[in-house]
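A quick write-up on the structure given underneath.
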There are 2 protein chains.
Amino acid sequence: MDKFEVKLDQAARAAWMSYVGGITQDEIASQLGVSRPGVQRLLALARQEGLIKVHIDHPIAACMTLASAIRERFGLDYCDVVPAEASAPEGAAYYLAVAGAERVSRLVERSDPLTLSLGTGRSVRATVESLSRIERPQHRFVSLVGNVARDGSSNRYDGVMVLADKTGGQRFLLPSPVVASTVEEKASLQQQPLFQAITQVALEAEAAFIGVGQIDRQATLFQDHFISEAELDELLGRQAVGELLGWPMTADGDVVECSITRRVTSLPLEMFRDQPIVALAGGVAKGPAILAALRGGWLKGLVTDQLAARHIVEHF
Amino acid sequence: MDKFEVKLDQAARAAWMSYVGGITQDEIASQLGVSRPGVQRLLALARQEGLIKVHIDHPIAACMTLASAIRERFGLDYCDVVPAEASAPEGAAYYLAVAGAERVSRLVERSDPLTLSLGTGRSVRATVESLSRIERPQHRFVSLVGNVARDGSSNRYDGVMVLADKTGGQRFLLPSPVVASTVEEKASLQQQPLFQAITQVALEAEAAFIGVGQIDRQATLFQDHFISEAELDELLGRQAVGELLGWPMTADGDVVECSITRRVTSLPLEMFRDQPIVALAGGVAKGPAILAALRGGWLKGLVTDQLAARHIVEHF
DNA sequence: TCATCTATCGATCAAATGATCGTATGCGGT
DNA sequence: ACCGCATACGATCATTTGATCGATAGATGA
């Protein structure tokens, strides 16, 4: 095995010249007295033996590692992880919004008519607000979640509204509360032609950008009075850890069947199995919920922050 | 300057994908939403800003760094640094010989007639002894240093002898002591037709492989009785720290003019200004001598070990 | 000793990379 | 507001890199 040692020596030399010295393989070949393919084999050996350690000296490097791990593990089309600003917690939210806006604008910028669907939540709102104005009247934007609160007031600043305002595109809002008061109300809503028309548009969307909700006392669903405290307790009792479009799910990503589920008016998740859903969510509290959504295989894309990403990779 | 931060962020991302992730630049370009040349600029920026740290996980890496530094600093054609075997001091000598033999055999292996000149010293001897046998009767080997001791005995195992034996090439030995007894003896020697003929051959050599001598109580010149103790003291008094081919020189690489110099019979160093001289020497004791030879600009190539190399770079 | 097998090596080609150039875009000054 | 400058961007080409294939040399066993 002494022969192998010599090979490794040469491999290390070649690796040094190539990576540190920036020498071309031709040059290395003549320096080492081997053929160029020989140098390639040496470099391959060096890589294989783990002789070469590359370190990117920038905070973003950790994010990239996390992003790559998550993308691999859950077969995502993409995963962006933005740095967590330890000093300014809102900084991370801003980063998240910018990163999300980047992904959205990629789609919106193009000239062909585009249909995009949006969920609700702070992250989605912040994301569309980060977008710059661009004239795209040919685009259509549709909301996947009802934007009417229990008291009947309509959220004037839904993401779809902002996006349509910024682009001049068409808007399609779901004229319903997130959770209907009764099963009958839900059925009645779903029979409205308007509701069905919007459903149809949503099905034609090329991508869906949605938030991820956590299920606890800080849950948006609860804080915004879409569900009552008793209903929250019921969800917690059924092991719900997060929600997508108002659909609560367990840690494994299965949608929880319960009294609330039967009254959720959002479009059923199964409907989007073949559509790319992109989640926009960050913060350590959202970690378990995002992980659940990933486990359920609902997502094709994810824009998150370092805190949530770290939680996710630690609980694969 | 916030703009610059964003650029650096992207540069770090691109660098991560390229170096750690092994993604192609085309892929990175589409992931980052820029053109491929844009990615190149980002990578160039990342390199320039020192974001990318490559570490070769092998003892040889340190040697390569030293070698590169020395080659750069003194404009050498090449510099090989072999690892110092902390456990076995003779191991390093063996490595040195193998590394030197590698350089020599590059030249010897070729079929065109070759003229090679050799100095004396343990390193040169060990080097030629490491060479494998190869039939090259068309080659010529010439010694640059007299191989006759003060007592008149001839060193039967001069490097030239060994090399000629191994290749079947012609041998040209300098029939003189390294240091003549008197200036007159030197003059007389130099007038011999044989001496002049050999000088002529030496001038036709394509490369010279020589040792480097230190000037102290362990000096080969002194140990082998080429100079007396009084002469050694004289050299030390004149700040000589090393010698090439018997020519003592100061730390700056200037040849010392003194009573000994006038009696040295080796071919004058100036004669080789346009010839590639390669020094073979290692060990911490040889450090100052090698550094002097480098400072004098006498060398075009160097094969040394980690100990000497470290001394050299620390005393640039 | 010969045959065969395997491992290694170098020629060739496709892909990826780096560099140069012309062009566009934005910014500051007049 | 317009002009000029500077900076940055993207198309194109040369170089470098990676991979595949056939060939050759050495090893191993019959």
Side-chain angles (χ1 to χ4, degrees), chain A residues 1-54 56 64 68 98 101-102 105-106 108-111 131-136, chain B residues 1-54 56 64 68 98 102 105-106 109-111 132-135:
Chain A
M1 271 303 138
D2 193 37
K3 200 104 177 207
F4 185 70
E5 292 271 329
V6 173
K7 264 265 169 326
L8 224 60
D9 248 48
Q10 274 209 309
R13 259 179 240 273
W16 193 95
M17 291 182 188
S18 177
Y19 287 84
V20 183
I23 319 283
T24 68
Q25 294 187 359
D26 266 318
E27 188 69 13
I28 297 171
S30 69
Q31 294 261 344
L32 257 50
V34 297
S35 69
R36 198 182 63 75
V39 174
Q40 282 205 25
R41 286 185 190 99
L42 288 173
L43 290 175
L45 176 68
R47 280 190 287 261
Q48 186 191 318
E49 294 292 321
L51 260 51
I52 298 159
K53 299 267 195 302
V54 182
I56 309 293
M64 298 299 293
S68 169
V98 172
E102 177 64 29
S105 68
R106 272 308 171 81
V108 171
E109 272 177 6
R110 74 159 205 222
S111 309
L131 281 168
S132 30
R133 293 195 166 274
I134 180 174
E135 204 61 21
R136 288 289 183 276
Chain B
M1 274 300 142
D2 195 37
K3 200 99 176 208
F4 185 69
E5 293 271 330
V6 173
K7 266 265 167 323
L8 225 60
D9 248 48
Q10 276 210 308
R13 259 179 241 274
W16 192 95
M17 292 182 187
S18 178
Y19 287 83
V20 183
I23 319 283
T24 68
Q25 295 188 357
D26 267 317
E27 188 69 14
I28 297 171
S30 69
Q31 294 262 344
L32 257 50
V34 298
S35 67
R36 199 183 62 75
V39 173
Q40 282 206 24
R41 280 186 262 275
L42 287 174
L43 289 175
L45 177 67
R47 280 189 287 262
Q48 184 191 318
E49 294 293 320
L51 259 49
I52 299 161
K53 299 272 196 297
V54 182
I56 309 293
M64 298 300 292
S68 168
V98 172
E102 178 64 29
S105 68
R106 282 292 184 83
E109 271 176 8
R110 74 160 205 223
S111 309
S132 28
R133 291 195 168 274
I134 180 172
E135 203 61 20

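In what follows, chains are A, B, ... by sequence order, proteins preceding strands, each numbered from 1.
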Side-chain polar contacts of residues 33-54 of chain A - donor-acceptor pairs under 3.5 angstrom, sequence neighbours left out - could you list them?
residue, atom, partner, partner atom, Å
A:S35, OG, A:G38, N, 3.3
A:R36, NH1, A:Q25, OE1, 3.2
A:R47, NH1, A:Y19, OH, 2.8
A:K53, NZ, A:G50, O, 3.0
A:K53, NZ, B:D57, OD2, 3.4

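Chain A approaches DNA chain D within less than 4.0 angstrom (heavy atoms of the protein), and the contacting nucleotides run 5' to 3' from D:dT16 to D:dA19.
A donor-acceptor pair under 3.5 Å links the side-chain atoms of A:S105 to the main chain of A:A101, judged by distance alone.
Listed here is the closest heavy atom pair of A:L32 and A:M17: CD1-CE, 3.5 Å.
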Treating primed atoms plus P, OP1 and OP2 as sugar-phosphate and everything else as base, which nucleotides of nucleotides 14-26 of chain C get B, S or - for protein heavy atoms under 4.0 Å?
--SBBB-------

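Comparing the start and finish of the helix from C:dT1-D:dA30 to C:dT30-D:dA1, five pairs each, the helix axis swings through 30°, to the nearest 10 degrees.
Screening residues 11-35 of chain B for salt bridge (Lys or Arg N to Asp or Glu O under 4.0 Å), with sequence neighbours left out, gives B:D9-B:R13.
For A:E102, the salt bridge (Lys or Arg N to Asp or Glu O under 4.0 Å) partners are A:R106, not counting sequence neighbours.
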